[in-house]
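Residue numbers start from 1 in every chain, and the chains themselves are labelled A, B, ... in the order their sequence lines are given, proteins ahead of strands. Both backbone and side-chain heavy atoms feed into the values below; hydrogens, waters and symmetry mates do not.
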There are 2 protein chains.
Amino acid sequence: MNPDESCIVRHFDQYFRLSDDDKMLLVRLEDSVSPVKAGTSLWGERDKAYEFCTLKRGWAFSYRDLENGSRQILEIYLPGDIVGLREFAFSQRLAGVQMIEDGEVCFFPHRHLIDIFRRSLTLTSIMFAISSRQQVMITERLVNLARRNARQKLAHFLLEMCQRIKQTQSDGCESFRLPLSQELLADLLGLSPVHISRTFTALNEDGLVFRDRHNVTIPDLEALKHEAGFDDRYLIENMRPLFHEANV
Amino acid sequence: MNPDESCIVRHFDQYFRLSDDDKMLLVRLEDSVSPVKAGTSLWGERDKAYEFCTLKRGWAFSYRDLENGSRQILEIYLPGDIVGLREFAFSQRLAGVQMIEDGEVCFFPHRHLIDIFRRSLTLTSIMFAISSRQQVMITERLVNLARRNARQKLAHFLLEMCQRIKQTQSDGCESFRLPLSQELLADLLGLSPVHISRTFTALNEDGLVFRDRHNVTIPDLEALKHEAGFDDRYLIENMRPLFHEANV
DNA sequence: CGAAGGGTTGAGATCTGTCAAGGAACGTGG
DNA sequence: CCACGTTCCTTGACAGATCTCAACCCTTCG
């Protein structure tokens with residue numbers, strides 16, 4: 001396969017310009033691309049964990065089902081994201097993962113990560129950076145869930161998605177596609193679907209967010225950021241200084 | 001320094017029996033042990049991030065201050081824990097860290113981590129495992145904050161601390177020391193101090209948790225686990241299969 | 001002895017959840 | 001093109017959990 005067509009190569013390349021050797025090393029890990037239908041589960045909550053995967057196309061989410069019947073969505077995955085890093089040190093899945101839309105995924109066994117550690121310092125550092133970035137994103141979501149009211153939670157989440165989409169598609173994000181039902185948003189933000197609806201209505205009335213089906217428009221980003229207490233530092237990693245030292 | 005006295009060697013050794021070479025490599029990173037007083041801050045929220053540290057003695061916590069004046073505590077660190085991994089890919093701190101009690105810490109520059117990546121596959125894998133374990137713990141805290149009521153939140157947190165203390169001290173934990181004020185617990189669990197107090201009173205009246213100052217007693221672990229929906233799988237990592245492959 | 005920090009208790013306010021009914025959009029089959 | 005079911009969303013009324021404010025108490029420590 002041509003390295004530049006690989007989804008994982010493209011993803012790593014965003015972090016740091018890869019050498020051809022590194023690209024080849026990554027590509028060799030990519031056995032196969034599997035098409036997956038919307039709603040299919042990539043794995044369930046207590047499955048054996050022996051591989052991870054990258055999303056080539058389509059959105060996905062990870063979740064935990066609770067004993068009281070509710071469900072918490074932990075993470076929304078966009079094309080290019082690596083899924084399943086969480087369980088690297090565990091033999092069992094701690095969260096399920098499900099496709100939101102039709103898409104394509106690439107599976108990699110865990111042991112191939114060890115190969116990477118053995119062979120490329122750059123790729124090892126990027127893997128570590130990706131893992132720590134995921135930790136930072138979960139942390140921000142935790143703060144969002146614990147400390148903000150419904151209005152801020154929703155606004156904050158929309159701004160996060162807007163920023164993430166902008167980073168991968170590199171065009172503006174005043175308006176973007178958000179293929180998530182209100183039920184899903186409720187499970188993500190720890191609210192009831194009913195209250196999600198009310199909150200959208202309120203944001204709409206205040207002219208801050210317009211939602212039509214799966215399209216969201218944010219007319220005044222700064223106003224909404226102020227409303228939500230959104231600070232995008234947590235989405236903007238800066239690995240340059242580190243790699244400097246790694247490569248000289 | 002004798003490797004077996006190093007706090008970081010002891011910590012890594014919990015994950016996997018280290019070779020003498022690995023121990024020496026780790027020890028060389030440990031320049032100095034600094035004593036720190038209760039209440040001192042190891043770093044603030046927007047400081048430059050160029051090092052991490054391990055806790056040798058004393059408890060610490062990381063936190064985020066919000067624009068609305070509230071504070072969210074992200075993590076409680078116990079002796080042996082590594083602090084600051086979160087910011088490996090960032091040049092700025094995203095959270096402050098403060099000592100809860102008097103203690104001792106060991107600082108390491110980020111670039112020494114790269115040295116480890118270069119020289120030891122075992123240590124690299126352990127670092128990755130530690131990072132993914134931290135991610136799992138934050139995820140569980142997120143679920144706890146988003147989906148459970150005050151009673152369950154508090155019970156779940158106490159059980160987590162009990163389990164963590166047991167893992168490092170390897171004796172029972174029916175009764176253990178918890179040097180956290182109710183205000184700190186409130187900032188940790190996303191509740192008000194007043195409600196923490198009420199919840200302790202309720203748990204006490206039901207005979208599930210007894211608290212006297214900084215001592216907590218849980219007479220019936222199973223009963224409390226049931227009440228809280230606590231499942232300790234997330235604290236029990238299993239790296240054996242992975243290292244098997246790494247080392248043969 | 002007084003001050004300060006931490007914990008407890010009560011009353012009222014607020015946010016969000018639950019339940020229930022109804023409406024809008026979409027796909028399917030006739 | 002229409003009828004129908006399904007899914008998703010909206011709205012209202014009420015209930016419950018937690019917050020805020022305020023007063024008070026206890027312990028510790030200088």
Side-chain angles (χ1 to χ4, degrees), chain A residues 37-39 66 68-73 98 100-102 144-158 177-206 209-216 227-229, chain B residues 37-39 66 68-73 98 100-102 144-158 177-206 209-216 227-229:
Chain A
K37 287 258 170 242
L66 293 229
N68 61 24
S70 66
R71 175 177 77 161
Q72 178 61 39
I73 291 179
Q98 201 172 316
I100 293 171
E101 330 169 86
D102 294 351
N144 198 31
L145 288 178
R147 290 288 155 191
R148 298 198 236 257
N149 60 29
R151 188 182 171 92
Q152 293 181 303
K153 285 181 194 179
L154 184 53
H156 192 279
F157 173 72
L158 294 175
R177 198 178 66 93
L178 188 79
L180 309 178
S181 69
Q182 294 194 356
E183 186 187 356
L184 218 132
L185 288 169
D187 286 348
L188 183 69
L189 298 175
L191 298 165
S192 65
V194 172
H195 206 66
I196 292 284
S197 172
R198 285 192 229 274
T199 307
F200 263 124
T201 304
L203 288 173
N204 188 324
E205 280 167 2
D206 296 345
V209 174
F210 300 106
R211 177 175 194 254
D212 178 37
R213 305 300 163 76
H214 287 164
N215 281 306
V216 171
E227 176 86 28
Chain B
K37 287 259 171 241
L66 291 230
N68 61 22
S70 67
R71 175 177 77 162
Q72 178 62 39
I73 291 181
Q98 201 172 319
I100 294 172
E101 330 169 87
D102 294 352
N144 198 31
L145 287 178
R147 290 290 156 189
R148 298 198 235 258
N149 61 27
R151 188 182 170 91
Q152 292 181 302
K153 284 182 194 178
L154 184 53
H156 193 279
F157 173 71
L158 294 176
R177 196 176 68 93
L178 188 80
L180 310 177
S181 69
Q182 294 194 356
E183 186 186 357
L184 217 133
L185 288 169
D187 287 349
L188 183 70
L189 297 175
L191 298 166
S192 65
V194 173
H195 207 64
I196 294 283
S197 172
R198 286 193 228 275
T199 307
F200 264 125
T201 304
L203 287 173
N204 187 324
E205 279 167 2
D206 297 345
V209 175
F210 299 106
R211 177 177 194 254
D212 177 37
R213 306 298 165 77
H214 286 164
N215 282 306
V216 171
E227 177 86 27

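When rounded to the nearest whole Å, the span between NE2 of His214(A) and C1' of dA25(C) equals 12 Å. The CG atom of Leu154(A) sits 16 Å away from the P atom of dC15(C) (whole-angstrom rounding). The CG atom of Leu178(A) sits 15 Å away from the P atom of dC8(D) (whole-angstrom rounding). Remark: P of dT16(C) and CG of Asn149(B) are 17 Å apart, rounded to the nearest angstrom. Put simply, CG on Leu191(A) is 20 Å from P on dT14(C), counting in whole angstrom units. Taking atom NE2 of residue His195(B) and atom P of nucleotide dC15(C), one finds them 17 Å apart after rounding to whole Å. Between the CG atom of Leu184(B) and the C1' atom of dG5(C) there is a distance of 14 Å, rounded to whole Å. Look at CZ on Phe200(A): it is 17 Å from C1' on dT11(D), rounded to the nearest Å.
Asn149(B) places a side-chain heavy atom less than 4.5 Å from the side chain of Gln152(B). Looking at heavy atoms from C-beta onward, Arg211(A) lies out of side-chain contact with Asn204(A) at the 4.5 angstrom threshold. Residues Asn215(A) and Leu178(A) are not in side-chain contact: their nearest non-hydrogen atoms beyond the backbone lie 4.5 Å or more apart. Using a 4.5 Å cut-off on side-chain heavy atoms (C-beta onward), Leu203(B) and Arg151(B) make contact. The closest side-chain heavy-atom distance from Lys153(A) to Leu191(A) is below 4.5 Å.
One cannot find a donor-acceptor pair under 3.5 Å joining the base of dG7(C) and the side-chain atoms of Arg198(B). Under 3.5 Å, the side chain of Arg151(A) and the base of dT14(C) form no donor-acceptor pair of N or O atoms.
In this model, the phosphate group of dT7(D) is not approached by any side-chain N or O of Gln182(A) to a distance below 4.0 Å at OP1 or OP2.
With salt bridges taken as basic N to acidic carboxylate O contacts below 4.0 Å, none links Glu227(A) and Arg148(A).
The Ser197(B) side chain lies nearest to dG7(C) when the options are dG7(C), dT18(D), dT20(D). The Ala150(A) side chain lies nearest to dT16(C) when the options are dT18(D), dG10(C), dT16(C).
Rounding to the nearest 0.5 Å gives a distance of 4.5 Å between CG of Leu158(B) and CG of Leu154(B).
No contact: Ile196(B) has no heavy atom under 4.0 Å from any strand. Contact annotation for Ser181(A): backbone-only contact, meaning every heavy-atom pair under 4.0 Å involves sugar-phosphate atoms and none involves a base.
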Under 3.5 Å, N/O pairs linking protein and nucleotides 28-30 of chain D:
| residue | atom | partner | partner atom | Å |
| --- | --- | --- | --- | --- |
| dT28(D) | OP1 | Arg213(B) | NH1 | 3.3 |

